[in-house]
Peer 1: 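Supplied in structure tokens, the structure appears directly below.
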Amino acid sequence: MTNRITIAQAAQFVDQTVEVPGWLYNLRKSGKIVFPILRDGTGLMQCVAMKNNLPEEVFESLKHLTQESSLIVTGKLRAESRAPGGYEMDVEAVEILQKVSEADPYPITPKEHGTEFLMDHRHLWLRSQRQHAIIRVRHEIIKATRDYFDNNGFTLVDTPIFTPAACEGTTTLFEVNYFDDEKAYLTQSGQLYNEANAMAFGKVYCFGPTFRAEKSKTRRHLTEFWMVEPEMAFADLEEIKRVAEQFVVYIVGRVLDRRREELKVLERDTSKLELVQSPFVRMSYDDAVKNLQANGSEIQWGGDFGGGDETILTRQFDRPMLVDRFPSEIKAFYMAPDPDRPEVALGVDVLAPEGYGEIIGGGQRIHDPELLLRRIEEHKLPKEAFDWYIDLRKYGTVPHGGFGMGIERAVAWICGLEHIRETIAFPRMLYRLRP
RNA sequence: UCCUGAGUAGCUCAACGGUAGAGCAUUCGGCUGUUAACCGAAGGGUUGUAGGUUCGAAUCCUACCUCAGGAGCCA
């Protein structure tokens, strides 16, 4: 019985005859010799078939095989420096599962394509090398994220996707029918529920999809994206900043450690990632505004950063920066004010370098019951909807806080991508719901 | 939602008022070490849609549709 292996295992089976199931990635031929390149999801393997060593019909069927046809090849493996991947198979037998029709060939050829075409064929585009590299880095970031929190005393407590109302009043929500006469909304943050979980478990995190119905049309926005949100009881702003920084250092380190090959495929300048070490740059909002004004920005104290502002700031440093103490006015109702300066909130953003900008937003939450009630009123929010949230401040309230990191933004930064759309298998954007 | 730009062969693009073209892909032929292989040939088009200007429109004008980039908002 012949061993069935994956291409990634080739090195362990040199000089043995094995069978490899996969898809035809490309085929080069030269008269009496053909080089089918096989793809199986774990890598690429070049095969060699010579007319003189094979039955006529086997050689002919291989010679006319079309791109992405599915097949199982059997043959002997050899180390071969000329072959991509370093190993090559001398074909002995071929079983073709399906030959892709010449009348309707695989649309994504080895030549260049535009983004519209590729996005329309996203279900097939995922077969390409570059997409594999990105999705594997994403996988590593997610695994590292879970490992980081699991190893640091956090309990995973996921929060609901269906919610009865806005978590944060400002942004738009996707509305869905919830049975007969009730409306529900897709969550845009697990944070409020996370606070309840933190009061139950101490340190928690949730990790799941979130939805924003904002009509944002930029290279940094998805309408459906994944967010990890840790929340800690008994934590102040300094502790939140410490965890955020240590977490970012950890995930970048893990990708450098385990996904070098993928970063190479993506032509990522890893020297930039090596610099992601503690301590990060720390700057108050006040200083950031002064810095921006000195560098030509129109920003006034009290305003939020524009996309250009983040670029101006982050280009000055080679590692991520933590910006804290934003004006309370521009932040959510639950943000704790600085006791020494009530006009600023104890919030923090982590801005990725190289112009990537905000990947993390978070801060300390209000734990004083009366202040929270006042803020709910000031923001004209329906108090009844927040009864349970207010309860958290009635039964043993403690200082607490946390942050959220958008996974896709982190992936885009770590992979060095131009656009967030490639960081998730099937991106959902303002004008893209299909495939 | 607003601003800017682009829609020509399956794909990537050229032709910018006078008979619509190339490379890749597909088919056929050639080649025993190719590396997005190469060489030769063939098929392939209501130029996004609708209207207008003109003797004549892919090309100029108007509207609409689609996509991309940016703004605002955010992770």
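Hydrogens, waters and symmetry mates play no part in the numbers below; they use all other heavy atoms, side chains included. No experiment lies behind these values; they were computed from the predicted model shown. Letters A, B, ... are given to chains in the order of the sequence lines, protein chains preceding strands, and every chain is numbered from 1.
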Peer 1: Rounding to the closest angstrom, what is the interatomic distance between B:G18 and B:U27 at atom C1'?
Peer 2: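 The answer is 35 Å between these two C1' atoms.
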Peer 1: Report, as yes or no, whether the 6.0 Å neighbourhood of atom NZ on A:Lys99 holds more than 12 heavy atoms from other residues, nucleotides or ligands.
Peer 2: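 Result for NZ/A:Lys99: enclosed.
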Peer 1: Name all residues meeting the ring-ring contact (aromatic ring centres under 6.0 Å, His included) criterion together with A:Tyr148; count only those two or more places apart in sequence or in a different chain, and write none if there are none.
Peer 2: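 Applying ring-ring contact (aromatic ring centres under 6.0 Å, His included) to A:Tyr148 gives A:Phe247, A:Tyr250.
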Peer 1: Shortest non-hydrogen contact from A:Gln188 to A:Arg212?
Peer 2: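 Between these two residues, the closest heavy atoms are O-NH2, 2.5 Å.
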Peer 1: Provide, to the nearest angstrom, the distance between the CZ atom belonging to A:Phe305 and the P atom belonging to B:G72.
Peer 2: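 My rounded result for the distance is 13 Å.
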Peer 1: Would you indicate whether the side-chain heavy atoms of A:Cys47 and A:Phe35 approach each other to under 4.5 Å?
Peer 2: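 Answer no - side chains too far apart.
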Peer 1: Taking N and O atoms by type only, does the side chain of A:Glu88 place a donor or acceptor under 3.5 Å from a partner on the base of B:G33?
Peer 2: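 For A:Glu88, whose side chain was compared with the base of B:G33, there is a donor-acceptor pair (under 3.5 Å).
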Peer 1: Measure the shortest side-chain to side-chain distance between A:Glu354 and A:Thr314 over non-hydrogen atoms and say whether it is less than 4.5 angstrom.
Peer 2: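 No, every pair of side-chain atoms sits at 4.5 Å or beyond.
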Peer 1: So for A:His113 and B:C11, does any side-chain atom that can act as donor or acceptor lie under 3.5 Å from a complementary atom in the base?
Peer 2: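 There is none.
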Peer 1: Strictly below 4.0 Å, heavy-atom distances to any atom of RNA chain B: list the hits from residues 225-233 of chain A, or just say none.
Peer 2: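 Within residues 225-233 of chain A, the residues near RNA chain B are A:Phe225, A:Met227.
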Peer 1: Would you indicate, yes or no, if B:G33 has its OP1 or OP2 atom less than 4.0 angstrom from a side-chain nitrogen or oxygen of A:Arg28?
Peer 2: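 Indeed not, no polar side-chain atom of A:Arg28 lies that close.
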Peer 1: Assign each of A:Pro105 and A:Phe117 to its nearest nucleotide of RNA chain B by heavy atoms, then name whichever residue's nucleotide is nearer the 5' end.
Peer 2: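 Closer to the 5' end of RNA chain B: A:Phe117.
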Peer 1: In whole Å, what separates the C1' atom of B:G44 from that of B:A9?
Peer 2: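 6 Å, rounded to whole Å.
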Peer 1: Expressed as a whole number of Å, how far does the C1' atom of B:U8 sit from that of B:G21?
Peer 2: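 Each nucleotide's C1' atom is 10 Å from the other's.
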Peer 1: Say we look at B:A41 and B:A25: how far apart would their P atoms be, to the nearest angstrom?
Peer 2: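 The answer is 16 Å between these two P atoms.
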Peer 1: Between B:G52 and B:G45, how many Å separate the two C1' atoms, rounded to a whole number?
Peer 2: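 Result for the C1' pair: 24 Å, nearest Å.
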Peer 1: Any carboxylate oxygen within less than 4.0 angstrom of a Lys/Arg side-chain nitrogen, looking at A:Arg220 and A:Glu408?
Peer 2: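 A:Glu408 and A:Arg220: not salt-bridged.
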Peer 1: Taking atom P in both B:U62 and B:G5, what distance in whole Å separates the two?
Peer 2: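 To the nearest whole Å, 12 Å.
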Peer 1: Which residues pass the ring-ring contact (aromatic ring centres under 6.0 Å, His included) test with A:Trp125, not counting sequence neighbours?
Peer 2: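 By the ring-ring contact (aromatic ring centres under 6.0 Å, His included) rule, A:Trp125 matches no residue at all.
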